[in-house]
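Worksheet: one structure, shown below.
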Amino acid sequence: TGVLLIIVSEEAEKAGLPVLVHANTLKSAKFALREGKIHMLVHPVSDAPVDDEFLELASRNNTIYVTAMGYTQVLMAAISAAGPGRTKLKFPEQKIPVDGVDPASRARLSLVDSLPAGNFESEKFIASLEDDDQDHISNLRRIHEAGIIIAAGTDAGNLLLAHGPC
């Protein structure tokens with residue numbers, strides 16, 4: 001909520017700590033940038049093109065924008081690995097480098113193969129992810145052109161994303 005965001009921002013500022021916000025819609029990102037002193041947006045805006053107000057707010061706050069775009073690619077690979085028309089995910093070993101991941105975490109990644117089938121149509125879901133990917137790229141271009149700092153990041157720890165030892 002807005003009140004909580006304001007309190008967190010004020011307390012973080014008193015303690016000399018940065019405020020990071022996970023906001024993946026344009027509305028929620030602009031709300032956070034308007035209401036609090038946000039140092040970092042840790043998820044790309046994925047529902048709409050970023051607008052001039054977003055760019056101005058992010059610039060004024062010196063906000064760092066984290067792309068987190070790799071997750072879309074991982075999900076598309078997992079759905080594709082399961083085969084056409086399937087509603088199940090399969091860990092795409094050939095498409096995701098896991099050499100640097102410890103053995104225990106690597107073993108957990110393949111557990112996705114045992115998940116029950118979901119209630120979605122894989123081709124439509126992949127098309128939706130591809131659209132999101134294009135929106136991310138367009139937004140990233142505008143953000144870069146506005147001079148906002150961009151950082152690479154990921155939703156590590158999410159399904160199929162190796163985070164290292166747990």
Completion exercise
Scanning both residues in full, the closest heavy-atom pair of H136 with V45 reads ND1-O, 3.7 Å

Exercise for the section: Any chance you could measure K37, atom NZ, to E13, atom CD, to the nearest 0.5 Å? Expected result: 5.5 Å

Exercise for the section: First locate atom CZ of R34, then atom CZ of R60, and finally report the distance between them rounded to the nearest 0.5 Å. Expected result: 9.5 Å

Completion exercise
Residues passing the salt bridge (charged side-chain N to carboxylate O under 4.0 Å, His left out) test with R142, sequence neighbours excluded, are D52

Practice task
Dump the intermediate steps for side-chain contact (heavy atoms from CB on, under 4.5 Å) on D135 and S46, then the final yes or no.
Solution key: CA-CA 6 Å; D135 290 341; S46 59; 5.9 Å; no

Fill in the blank from the handout: Closest non-hydrogen atoms of A29 and F54, given as atom of the first, atom of the second and distance, are CB-CE1, 3.8 Å

Exercise for the section: Go through the steps for F31 and L5 under the test side-chain contact (heavy atoms from CB on, under 4.5 Å), then give the verdict. Expected result: CA-CA 10 Å; F31 176 81; L5 180 62; 4.1 Å; yes

Practice task
Look at the side-chain heavy atoms of Ile, Leu, Val, Met, Phe, Trp and Tyr, link any pair under 4.5 Å apart, and say whether M40 and L17 land in one connected group.
Solution key: no

Practice task
Looking only at non-hydrogen atoms, find the nearest pair between A152 and T67 and report the distance.
Solution key: CA-OG1, 3.9 Å

Practice task
Write down the atom of L55, the atom of A146, and the distance for their closest heavy-atom approach.
Solution key: CD2-CB, 4.0 Å

Practice task
Given side-chain contact (heavy atoms from CB on, under 4.5 Å), test I38 with L57 step by step and report yes or no.
Solution key: CA-CA 10 Å; I38 305 305; L57 288 166; over 6 Å; no

Exercise for the section: Determine the sole option in L33, I64, V66, I148 for which the side chain to side chain contact (heavy atoms under 4.5 Å, CB included) test with L41 is passed. Expected result: L33

Exercise for the section: Can you measure from CD1 (I149) to CD1 (I143) and round to the nearest 0.5 angstrom? Expected result: 12.5 Å

Practice task
Please name the pair of heavy atoms, one in P49 and one in L26, separated by the smallest distance, quoted to 0.1 Å.
Solution key: O-CD2, 3.4 Å

Handout entry: T25: side chain to side chain contact (heavy atoms under 4.5 Å, CB included) partners, not counting sequence neighbours
Key = K27, S28, D47

Fill in the blank from the handout: Minimal heavy-atom distance between I6 and E35, with the atoms involved, is CG1-O, 3.4 Å

Problem - Short side-chain to backbone donor-acceptor contact, H43 and A23, under 3.5 Å - result: no

